[in-house]
Visitor: 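Sharing a structure below in structure tokens format, with a few things to ask.
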Amino acid sequence: MTDSAHSSFRTPNWARKALLAAGIYNVLWGAWVVLFPGHWFSILGIESPRYPELWQCIGMIVGCYGVGYLIASFHPVRFWPITIVGLLGKVLGPIGFIWALIQGSLPPGFGWMILFNDLIWWVPFTGILVIAYEYYLGDLGVEVTGDISLLERIRTFHGKQLHEQSFDEPVMLIFLRHAGCTFCREALSDISKIQEKLKKRKVTPVFVHMSDGQRFEELLAEYKLEGIDHMSDPKKELYRAFELKRGTWFELFGKEVWQRGWQAAVIDKLGVGWLDGDGFQMPGVFLLEHGEVTFGLRHSNAAERPDYLEIANTATAQ
């Protein structure tokens, strides 16, 4: 989503009010449990716990969650991690209660606490996460320019002008998601294995990324790609110029992505790095010849693995 789309996006008031209400409720409930640990058990007519400090500790934790919800109410979309952690607890809590109920270790009366502490917040918290999904993962307001003339005005890390270079030999632009992505590491590994073959075909690979240029040089060295050129595009101007959008949920976290991710990260031992760029950005591969794009691949999902040699053969066939 572009900056202009971000500025025009408005979080519904109900989301702020829901988090505000959750925050106030949690703080009050937590204070009640800490200050009067035996009150709830007397209401139910059951024996108080032998170690009230443990029950008070639960009250303290719930109260701290309340402070988090109050903070999140100022900007529900920005602070969505607080909401998802809260919702996780509000889902696991009832599961634990049902198990305890089946085992006979908790009376049914505890269900009233589960209702007000957990169940009634499922809908608003889920709604807030859906809004955050649309804001961060969806294509709301995404602008793609399709204007590759941008290449005429910028240079690579090594000072080359790709528009001019494409008249001498084909340039393969490889757009990465972010430098810590397992599949981006896989792309580096794949290019490392075939770089000599690409040289024979006179196809020049150039990576486009969102990292610091010097830091990316160090990453290239890990894969024996010293000398391979690259371009840092933290504002994603090139990504938009080549019509590469941010991914949807299934494009980024679908079943195939998890399966391939396990293969690449664990079986192939490529690992996972720190997030370095927009983790929601989709990758792509393009061939630039004589100042024009002659081939374009926009990944159908984050795990799609291009055949770079086949793409290079397409270039030499032009």
Side-chain angles (χ1 to χ4, degrees), residues 144-179 181-234 236-244 264 268 270 277 281-300 302-318:
V144 289
T145 65
D147 181 14
I148 66 168
S149 64
L150 182 63
L151 291 173
E152 300 177 19
R153 305 190 297 274
I154 59 178
R155 294 185 178 275
T156 66
F157 184 81
H158 294 162
K160 295 183 180 180
Q161 212 273 353
L162 293 183
H163 183 266
E164 295 177 358
Q165 187 177 352
S166 70
F167 286 90
D168 298 326
E169 59 186 22
V171 175
M172 182 185 295
L173 282 176
I174 305 170
F175 287 79
L176 303 178
R177 292 185 55 232
H178 69 88
C181 172
T182 297
F183 302 117
C184 297
R185 292 168 176 260
E186 184 179 63
L188 295 175
S189 177
D190 288 345
I191 294 297
S192 178
K193 294 173 183 177
I194 65 170
Q195 57 181 318
E196 294 302 322
K197 294 181 179 179
L198 291 176
K199 287 181 181 179
K200 292 180 180 180
R201 289 165 171 77
K202 297 183 178 180
V203 174
T204 302
V206 176
F207 290 103
V208 182
H209 57 89
M210 292 168 270
S211 306
D212 172 77
Q214 190 57 52
R215 188 162 60 244
F216 194 78
E217 282 276 293
E218 297 171 1
L219 182 61
L220 289 175
E222 292 182 21
Y223 291 89
K224 300 180 180 180
L225 288 170
E226 298 91 339
I228 297 294
D229 213 348
H230 55 96
M231 305 177 75
S232 178
D233 183 27
K236 302 196 297 182
E237 295 175 318
L238 276 174
Y239 286 87
R240 293 198 296 270
F242 281 80
E243 302 181 5
L244 290 170
D268 297 337
L270 293 173
Q281 179 62 53
M282 290 295 289
V285 184
F286 300 86
L287 283 175
L288 188 66
E289 301 181 84
H290 303 288
E292 297 182 356
V293 175
T294 58
F295 175 89
L297 170 65
R298 297 173 180 87
H299 287 50
S300 59
E304 185 173 354
R305 191 176 190 178
D307 187 330
Y308 298 104
L309 278 180
E310 183 178 337
I311 295 173
N313 289 335
T314 302
T316 57
Q318 299 296 322

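Residue numbers run from 1 in the order of the sequence given. Note that the structure is a prediction, hence the values are computed from the model and not measured.
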Visitor: Just wondering, more than 12 heavy atoms not from Glu226 lying within 6.0 Å of its CD?
Guide: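 Correct, the count exceeds 12.
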Visitor: What distance do Glu237 atom CD and Leu151 atom CG have between them, rounded to the nearest 0.5 Å?
Guide: 11.5 Å
Visitor: Could Glu196 and Lys199 be called an ion pair, given the rule that one side-chain N must be under 4.0 Å from one carboxylate O?
Guide: yes
Visitor: What are the two closest non-hydrogen atoms of Tyr223 and Leu219, and how far apart are they?
Guide: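 Scanning both residues, the minimum pair turns out to be CD1-O, 3.4 Å.
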Visitor: What are the two closest heavy atoms between Arg155 and Gly159, and how far apart are they?
Guide: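 That closest heavy-atom pairing would be NH1-O, 3.2 Å.
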Visitor: Quick one: pull up NZ in Lys202 and CD in Glu169 and give me the separation to the nearest 0.5 Å.
Guide: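 Answer for the NZ-CD pair, Lys202 versus Glu169, is 8.0 Å.
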Visitor: Could you tell me if the side chain of Pro306 sits less than 4.5 Å from the side chain of His299, heavy atoms only?
Guide: yes
Visitor: For Glu292, is the CD atom crowded, meaning more than 12 foreign heavy atoms sit under 6.0 Å from it?
Guide: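 No, CD of Glu292 has 12 or fewer neighbouring heavy atoms, counting only those of other groups under 6.0 Å.
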Visitor: Please lay out, stage by stage, how Leu309 and Arg201 fare under the test side chain to side chain contact (heavy atoms under 4.5 Å, CB included).
Guide: CA-CA 9 Å; Leu309 278 180; Arg201 289 165 171 77; 4.0 Å; yes
Visitor: In the structure I gave you, are the side-chain heavy atoms of Glu217 and Gln214 within less than 4.5 Å of one another anywhere?
Guide: yes
Visitor: Would a distance-only check, ignoring hydrogens and angles, find a side-chain to backbone donor-acceptor pair under 3.5 Å from Thr156 to Met231?
Guide: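 Flag not set: sc Thr156 to bb Met231 has no pair under 3.5 Å.
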Visitor: So, for Tyr239 and Val208, which heavy atoms are closest and what is the spacing to 0.1 Å?
Guide: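 Shortest heavy-atom separation between Tyr239 and Val208 comes out as OH-O, 3.1 Å.
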Visitor: Would you say that Ser232 contacts His209 through its side chain, given a criterion of any heavy-atom pair below 4.5 Å between the two side chains?
Guide: yes
Visitor: Nearest 0.5 angstrom please: Leu225 CG to His230 NE2, how far?
Guide: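 It comes to 10.5 Å.
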Visitor: Looking only at heavy atoms, what is the nearest atom pair of His178 and Cys184, with distance?
Guide: O-SG, 3.2 Å
Visitor: Go through the steps for Phe207 and Leu188 under the test side chain to side chain contact (heavy atoms under 4.5 Å, CB included), then give the verdict.
Guide: CA-CA 9 Å; Phe207 290 103; Leu188 295 175; 3.4 Å; yes
Visitor: Quick check for you: to the nearest 0.5 Å, what is the distance between Ile228 atom CD1 and Ile174 atom CD1?
Guide: 8.5 Å
Visitor: So, do Leu287 and Ile311 sit near enough that their side-chain heavy atoms are less than 4.5 Å apart?
Guide: yes
Visitor: What distance separates Arg298 CZ from Met282 CE, expressed to the nearest 0.5 Å?
Guide: 11.5 Å
Visitor: Less than 4.5 Å apart, any side-chain heavy atom of Leu176 and any of Gln281?
Guide: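 In short, these two side chains do not touch, never coming nearer than 4.5 Å.
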Visitor: Could you check whether any side-chain heavy atom of Ile191 comes within less than 4.5 Å of a side-chain heavy atom of Leu198, counting everything from C-beta outward?
Guide: yes
Visitor: Is the shortest heavy-atom distance from the side chain of Leu173 to the side chain of Leu238 under 4.5 Å?
Guide: no
Visitor: Phe286 and side-chain contact (heavy atoms from CB on, under 4.5 Å): which partner among Leu297, Leu244, Val206, Val171?
Guide: Leu244
Visitor: Do Leu220 and Phe157 touch side chain to side chain, with heavy atoms closer than 4.5 Å?
Guide: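 Leu220 vs Phe157: side chains apart.
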Visitor: Please find the pair of heavy atoms, one from Ile154 and one from Gln161, that lie closest to each other, and give the distance.
Guide: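 So the minimum-distance heavy-atom pair works out to O-CG, 4.1 Å.
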Visitor: Could you measure the distance from the CG atom of Asp233 to the CE atom of Met210? Nearest 0.5 Å is fine.
Guide: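 One gets 8.0 Å once the value is rounded to the nearest 0.5 Å.
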Visitor: Looking at every heavy atom in both Arg177 and Pro283, which two are closest together, and how far apart are they?
Guide: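 Minimum heavy-atom contact is CG-CD, 3.4 Å.
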